[in-house]
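To start, the structure under review is shown below, and the notes come after it.
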4 protein chains.
Amino acid sequence: MKRKDEGKARDILAAALQEVQAHGLTGLSMEGVARRAGVATGTLYVYHKSKEALLDAAYSATKRHLAEAVFRDEGLPVRPAFLRMCVAYLEFLVAHRAEVAFLEQLHHSTLLSPSTRAAAESGARPLVDLLERGKRELLLKDLETPLILAFLQATLREMAKTAPKARFPQIALLCWDALRA
Amino acid sequence: MKRKDEGKARDILAAALQEVQAHGLTGLSMEGVARRAGVATGTLYVYHKSKEALLDAAYSATKRHLAEAVFRDEGLPVRPAFLRMCVAYLEFLVAHRAEVAFLEQLHHSTLLSPSTRAAAESGARPLVDLLERGKRELLLKDLETPLILAFLQATLREMAKTAPKARFPQIALLCWDALRA
Amino acid sequence: MKRKDEGKARDILAAALQEVQAHGLTGLSMEGVARRAGVATGTLYVYHKSKEALLDAAYSATKRHLAEAVFRDEGLPVRPAFLRMCVAYLEFLVAHRAEVAFLEQLHHSTLLSPSTRAAAESGARPLVDLLERGKRELLLKDLETPLILAFLQATLREMAKTAPKARFPQIALLCWDALRA
Amino acid sequence: MKRKDEGKARDILAAALQEVQAHGLTGLSMEGVARRAGVATGTLYVYHKSKEALLDAAYSATKRHLAEAVFRDEGLPVRPAFLRMCVAYLEFLVAHRAEVAFLEQLHHSTLLSPSTRAAAESGARPLVDLLERGKRELLLKDLETPLILAFLQATLREMAKTAPKARFPQIALLCWDALRA
DNA sequence: AATGAATGAGGTTTCATTCAT
DNA sequence: AATGAATGAAACCTCATTCAT
């Protein structure tokens, strides 16, 4: 049921995202989303069958957006691929604060359906594959993948808060050095 | 005259924590908290002037609980102090999953007052002091403190998910090695 | 699309008026108003953003009703205009007891916004103008206008309680004689 | 049940009066009264069996206060007695605005018991008697007593708003002239 | 498809009153 | 007598969802 107005569909998801950012998950109301998207409340139900479904969709779309920007597999060798992903992630973090905050809020919450969660997870597949390839090729330390992911996420998120864009390649290198065998 | 009951105050905070755990922040209702605490809804407002205030108080109390268990400064030298804190944190993570989940949910959310956030922050003071002492004594790498904190949090949280209690000292040592100068 | 229903808006104001009459200001509940108006509680909030706003609106509407019935300026000379207003006021008093009682209750009360009070005041403008014209033309005693208003209100209200409709012109004349120069 | 603390009993009635003045009848709460009176909420129920009873008592006490100050019968002849009462009423109106406002609010309201209303009415007995004596002695116009009362109340209330104390005797005389045969 | 008025269940909060101390 | 914590019914209001247009 999605062949109505592609632009309006996008507006609605964007509005949901901005509303969560502005009022928090608990302060989110369908009326608020509708107002921000410039449509009537009823219209929301033309595109999504419930509030939960709308949030699910917004979460998925945002995750996909992030995955497309960051986790593309471009067929590079391990090291340059790793460095590119780190830089891309840092850039995404500073360029799309609202999206990042939204994902964070939704991530901890009882609202997402398990299937959405699983689908979202799969967006990072290319990075996971890359790390495992790196371990097989003995380029990376033999640590559990979730641990590496947590380390990267924590480090990059923290660095994105203060470091200037010019230093992003350096930071990526730093991460590489921390993890290489 | 009837004095305010210390036990009841604790029950209410505990009930709030459990309700968030059970239904998520968005599914939290004052009636649910009251029922679980075994008091009337009105009683909640004797102890806290609003839902927000109740959550604030529960968050503060839980943070304090964590700080007391983990971040005590016992006057030890840097290395043993660091190792002790790591182990204590790991132990807290596995022994108080509900509390940890609750803190996580509240941490991202628009509900906490800035002052509560600030107060909560200060609980980790002893660890911050320790890290800075370590850097001054040239025992630790000269990294920004927030970065070290993020690293420790990510690593320990991840390890607590799978590692058995017996390996906690080893993990602490691993962290030390990762950070020592 | 469903347009806001003019009839429903009227029903709600009428219901508020009747509820105040039945249970007093302190006994007024939104649920009672909704039930009497034959709408859902939520509907009240489609038309008025709060209980206070609803009462404000009901007060304004009733005052306007009274003003239209009584204080019309029909371009008559002072004496016949004065007599006509007196009779019209007396007729309103007996024909719309509920409205009158409602206005009285609201008049003394902290619920009305100052702007509503001011707007309501302006309804009697034509009478005020008439009285001042009468004083300028030396037809009426040179008393302060508020004093004349208080006198008229007290007298007419009191007379309306007992006098039969047939005597209204006589009463109006009596007032005129009491005030003429 | 009133032999506890005469001062406290007075404080409670005074607090009720002030609270109505401050927040209106609808904004009146027992807790507010207790706080202002400097007692615990429970104490209110030692002196009055319900909120309604408390308001009844406060209304009665205030009416009695007014009656004692204004409607004393001092055995004077009609004219001086009338003039004295007018001046006393004017003085009460300016000296006890809070009391007057309180009485006004309660007068229109469903809260007073009929018996309280009747008792309060009887406070003005001496004035009613005086007026009837005046009519019998052919000193006053033969108007219905309630009409005279309404006229006096409206006029004096209006005059008290602006006239300086020095002019009170003049105003009293004005009223006398308006009503004398 | 789009609208937005209408719904009514459910949420938060208030408050008169009771009761243990 | 005095206290004030505790109660729980009801009040006000919000909001996801439906439905007539």
Side-chain angles (χ1 to χ4, degrees), chain A residues 1-5 8-9 26-35 38-54, chain B residues 1-5 8-9 12 26-35 37-54, chain C residues 1-5 8-9 12 26-35 37-54, chain D residues 1-5 8-9 26-35 38-54:
Chain A
M1 54 152 155
K2 287 285 171 47
R3 279 299 76 75
K4 353 247 134 124
D5 184 337
K8 201 164 287 187
T26 54
L28 182 71
S29 79
M30 293 299 266
E31 198 195 319
V33 173
R35 195 167 34 236
V39 301
T41 42
T43 306
L44 299 181
Y45 290 84
V46 172
Y47 290 81
H48 306 280
K49 84 172 206 300
S50 71
K51 186 188 190 183
E52 206 187 357
L54 165 55
Chain B
M1 174 176 64
K2 226 192 250 164
R3 290 255 122 253
K4 233 181 226 170
D5 185 345
K8 199 164 290 183
I12 288 170
T26 53
L28 180 71
S29 83
M30 292 300 264
E31 200 194 319
V33 173
R35 195 168 32 238
V39 300
T41 32
T43 305
L44 300 181
Y45 291 84
V46 171
Y47 290 82
H48 307 280
K49 82 172 204 304
S50 69
K51 185 187 189 183
E52 206 187 357
L54 165 56
Chain C
M1 176 175 62
K2 226 193 247 166
R3 289 258 122 252
K4 233 180 229 171
D5 184 346
K8 200 164 291 184
I12 288 169
T26 53
L28 180 71
S29 82
M30 292 301 265
E31 200 195 318
V33 173
R35 194 168 32 237
V39 300
T41 30
T43 305
L44 300 182
Y45 292 86
V46 172
Y47 289 82
H48 306 280
K49 82 174 204 302
S50 70
K51 185 188 187 181
E52 207 188 356
L54 165 56
Chain D
M1 54 151 158
K2 286 285 169 49
R3 279 296 76 73
K4 352 248 138 120
D5 183 336
K8 200 165 287 184
T26 54
L28 181 72
S29 79
M30 293 300 265
E31 198 195 320
V33 173
R35 195 166 36 234
V39 301
T41 43
T43 306
L44 299 181
Y45 290 85
V46 172
Y47 290 81
H48 305 280
K49 83 171 207 299
S50 71
K51 186 189 189 183
E52 205 187 358
L54 166 54

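In what follows, every chain begins at residue 1, and chains take the letters A, B, ... in the order their sequences are listed.
Of the candidates F/dT17, E/dA6, E/dG8, E/dA6 carries the atom nearest the C/Lys4 side chain, counting heavy atoms from C-beta on. Ranking F/dC12, E/dG8, F/dT3 by closeness to the D/Val39 side chain, first place goes to F/dT3. Checking F/dA6, F/dA2, E/dA16 against the side-chain heavy atoms of D/Lys51 singles out E/dA16 as nearest. Closest to the side chain of A/Ala40, from the set F/dT14, E/dA2, E/dG4, is E/dG4. The side chain of C/Tyr47 has E/dA6 as its nearest neighbour among F/dT3, F/dA6, E/dA6.
Between the P atom of F/dC19 and the CG atom of C/Asp5 lies a distance of 19 Å, rounded to the nearest Å. For the pair C/Lys49 NZ and F/dT14 P, the computed distance is 10 Å after rounding to whole Å. The CD atom of C/Glu31 sits 13 Å away from the C1' atom of E/dG10 (whole-angstrom rounding). Protein atom CG of A/Leu54 is 10 Å distant from nucleotide atom P of F/dA16, rounded to whole Å. In this structure, B/Arg35 places its CZ atom 18 Å from C1' of F/dA6, rounding to the nearest Å. Summarising the geometry, the separation between CD1 on B/Ile12 and P on F/dA5 is reported as 12 Å, rounded to the nearest angstrom. Across the protein-nucleic acid pair, A/Met30 atom CE and E/dG4 atom P stand 16 Å apart, rounded to whole Å. Atom NE2 in C/His48 sits roughly 15 Å away from atom C1' in F/dC12 (whole-Å rounding).
At the phosphate of F/dA2, OP1 or OP2 sits under 4.0 Å from a side-chain N or O atom of D/Lys8. The side chain of C/Thr41 contributes no N or O atom lying less than 4.0 Å from OP1 or OP2 of E/dG8.
Comparing D/Ser50 and A/Gly38 by the nucleotide of DNA chain E whose heavy atom lies nearest to each, the residue mapping closer to the 5' end is A/Gly38. Residue-to-nucleotide proximity on DNA chain F shows that, of D/Gly42 and C/Glu52, the 5′-proximal contact is made by D/Gly42. Between D/Thr43 and C/Tyr45, the one whose closest nucleotide on DNA chain F sits nearer the 5' end is D/Thr43.
What you find for A/Thr41 and A/Glu31 is that their closest heavy atoms are CG2-CA, 3.8 Å. Closest non-hydrogen pair, C/Ile12 versus C/Leu44, comes out as CG2-CD2, 3.8 Å.
Distance check: C/Thr43 OG1 to C/Asp5 CG gives 11.0 Å after rounding to the nearest 0.5 Å.
Here B/Leu28 lies in heavy-atom contact (under 4.0 Å) with sugar-phosphate atoms only.
Taking the centre and axis of the six-membered ring of B/Tyr47, the NZ or CZ atom of B/Lys8 falls outside the cone set by 45° and 6.0 Å.
Using N1 to N3 plus N6-O4 or O6-N4 for Watson-Crick, or N1-O2 and O6-N3 for G-U wobble, each under 3.5 Å, F/dA20 pairs with E/dT3.
Within the 4.5 Å cutoff, the side chain of D/Val33 has no heavy atoms near those of the D/Lys51 side chain.
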